[in-house]
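What follows is one structure encoded as structure tokens, with my remarks underneath.
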Amino acid sequence: MKAAVCYEFNKPLVVEQLDIDKPQKGEVKVRMAATAVCHSDIHFICGDMGGNLPFVPGHESSGFIEEVGEGVTSVKVGDPVVLSLLRSCGVCPYCRTGRPNMCEAKWPLDTESRMKNRRGQAIGHGLRVASFAEFAVVDQSQVVKIPANMPMDRAALLACGVITGFGAVVNRAKVKPMSSVVVIGVGGVGLNAIQGAKIAGAYPIIAVDMLDNKLQAARTFGATHTVNGKQTDPVQAVKDMTSGRGADYAFVTVGVTSAVRQGLSMIARQGTTVIVGLATQDLTSNPMEYIDGEKMLTGSFMGTTNLAVDVPKLVGLYQAGALKLDELISARYPLDRINEAIESVKKGEALRNVIVF
Ligand SMILES: [Zn+2]
Ligand SMILES: [Zn+2]
């Protein structure tokens, strides 16, 4: 099969032929239909997150079941599926209490590879999916069957970008109707936080970004107010829009610590700030802020998503016209041009660039 391999951090991926094994017990082999370039892929390709080389990146994907391993019951050959990095065992205490994104199980695929190059070198499954390839072998819990009439390029977005933003609002923070929400950074993930806030019934929904075209897009996704953080002090602006108190919830989708700091300053007493973007620097903050104002600071991993429950709901919302997906796709590329797709995401030109097979 053809795949895009990361052999060296911060270098273009090498598109070449790999061999891929049959799925083992509990695993499925998926023929890729579409995979988007997510910022987390770029973090891994650049070496920001460490990890072993070489590997195939990619994790925001959709495809068709090509082959099933022993004991697979949830899908059958030919099924269209969304394919995500979230794996769950169904029996650990987290899974049994409805929190599969916290699953603590270990998997053969954590350490074993099902792919090798023509020189016999094992190639790792980057971000647990390795979807920058014509086929992928994953655990059966990583796939969710979707309706045959769901467009596969848009379905791919449900595997990460959409659930990360939408789920942070709906699942993690459980935003209440009539509460105020601010979203810092309205790229691919931030726009989904905005549409999650709209569906949750929040008001006002304030989008904060440095680029006017992104703020314009945020309005079409449900933002009721926008703040250009380059032109005005965003903390003061958010307070002005929320009767001087600050927002009930802040979602920080920008992966920098200073934005998390801003998110904390923008919330009201008993407000909640949710870290969504991959900020990795230390955060300085005074404990008194959490005592006096009873503020809460938390993170959200993959939108606290329960794939088997949430993906079909999101498909339903899309098909009912209540969830925007078409507007998130900036461009489509073949796998041979994946490095162009990645470069354009790095430059901030794209919401989502999708590789179509
Ligand atoms: Zn992602
Ligand atoms: Zn589990």
Side-chain angles (χ1 to χ4, degrees), residues 1 3 20-36 38 40-41 56-92 95 98-103 105-110 112-115 125-164 166-167 301-316 318 325 354-357:
M1 67 163 181
I20 184 163
D21 294 342
K22 293 168 79 66
Q24 304 287 307
K25 189 177 175 189
E27 296 171 358
V28 295
K29 184 173 179 179
V30 180
R31 175 166 50 87
M32 217 58 66
T35 182
C38 169
S40 307
D41 292 313
V56 173
H59 61 284
E60 187 169 316
S61 41
S62 66
F64 298 92
I65 300 292
E66 177 80 5
E67 196 177 345
V68 299
E70 184 194 330
V72 169
T73 52
S74 57
V75 286
K76 58 181 192 312
V77 172
D79 280 349
V81 292
V82 161
L83 169 65
S84 162
L85 64 81
L86 284 170
R87 258 180 217 154
S88 56
C89 69
V91 294
C92 76
C95 284
R99 299 175 290 169
N101 76 320
M102 295 285 109
C103 178
K106 297 274 180 278
W107 312 86
L109 283 168
D110 292 340
E112 293 169 17
S113 171
R114 305 274 178 266
M115 298 182 287
H125 300 247
L127 294 105
R128 290 178 153 187
V129 183
S131 60
F132 292 172
E134 289 173 323
F135 293 92
V137 170
V138 296
D139 184 76
Q140 65 171 325
S141 65
Q142 292 177 253
V143 300
V144 182
K145 189 180 171 184
I146 55 172
N149 62 356
M150 180 68 193
M152 295 302 273
D153 52 357
R154 278 142 275 183
L157 310 184
L158 298 177
C160 179
V162 173
I163 56 175
T164 299
F166 191 97
F301 173 61
M302 296 293 290
T304 317
T305 295
N306 184 332
L307 279 184
V309 174
D310 294 341
V311 167
K313 275 193 194 168
L314 291 166
V315 168
Y318 170 74
L325 297 178
V354 180
I355 310 299
V356 286
F357 293 83

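These numbers come from a predicted model, not from an experiment.
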So, K22 and E67, do they make that salt bridge, N to O below 4.0 Å?
yes

When you compare the side chain of E27 with that of L109, does any pair of heavy atoms fall below 4.5 Å?
yes

Inspect the contact between D310 and K313 and indicate whether a charged nitrogen and a carboxylate oxygen are less than 4.0 angstrom apart.
no

Under 3.5 Å, is there a donor-acceptor pair between the S61 and T35 side chains?
no

What I'd like to find out is whether the side chain of L85 reaches to under 4.5 Å of the side chain of C160, using heavy atoms alone.
no

Which of these passes side-chain contact (heavy atoms from CB on, under 4.5 Å) with L307: V143, L86, L158?
L86

Heavy-atom check, side chain of N101 versus side chain of N306, under 4.5 Å:
no

No-hydrogen, no-angle side-chain donor-acceptor test under 3.5 Å, S74 and Q140
yes

Residue pair H125 / V129, side-chain heavy-atom distance below 4.5 Å
no

Quick test of your reading of the model: are E112 and R114 salt-bridged, counting only N-O distances below 4.0 Å?
yes

In sequence, state the C-alpha distance, the side-chain angles, and the governing distance for F166 and L314, and then conclude on side chain to side chain contact (heavy atoms under 4.5 Å, CB included).
CA-CA 10 Å; F166 191 97; L314 291 166; 3.9 Å; yes

Ion pair check, R87 and D139, cut-off under 4.0 Å
no

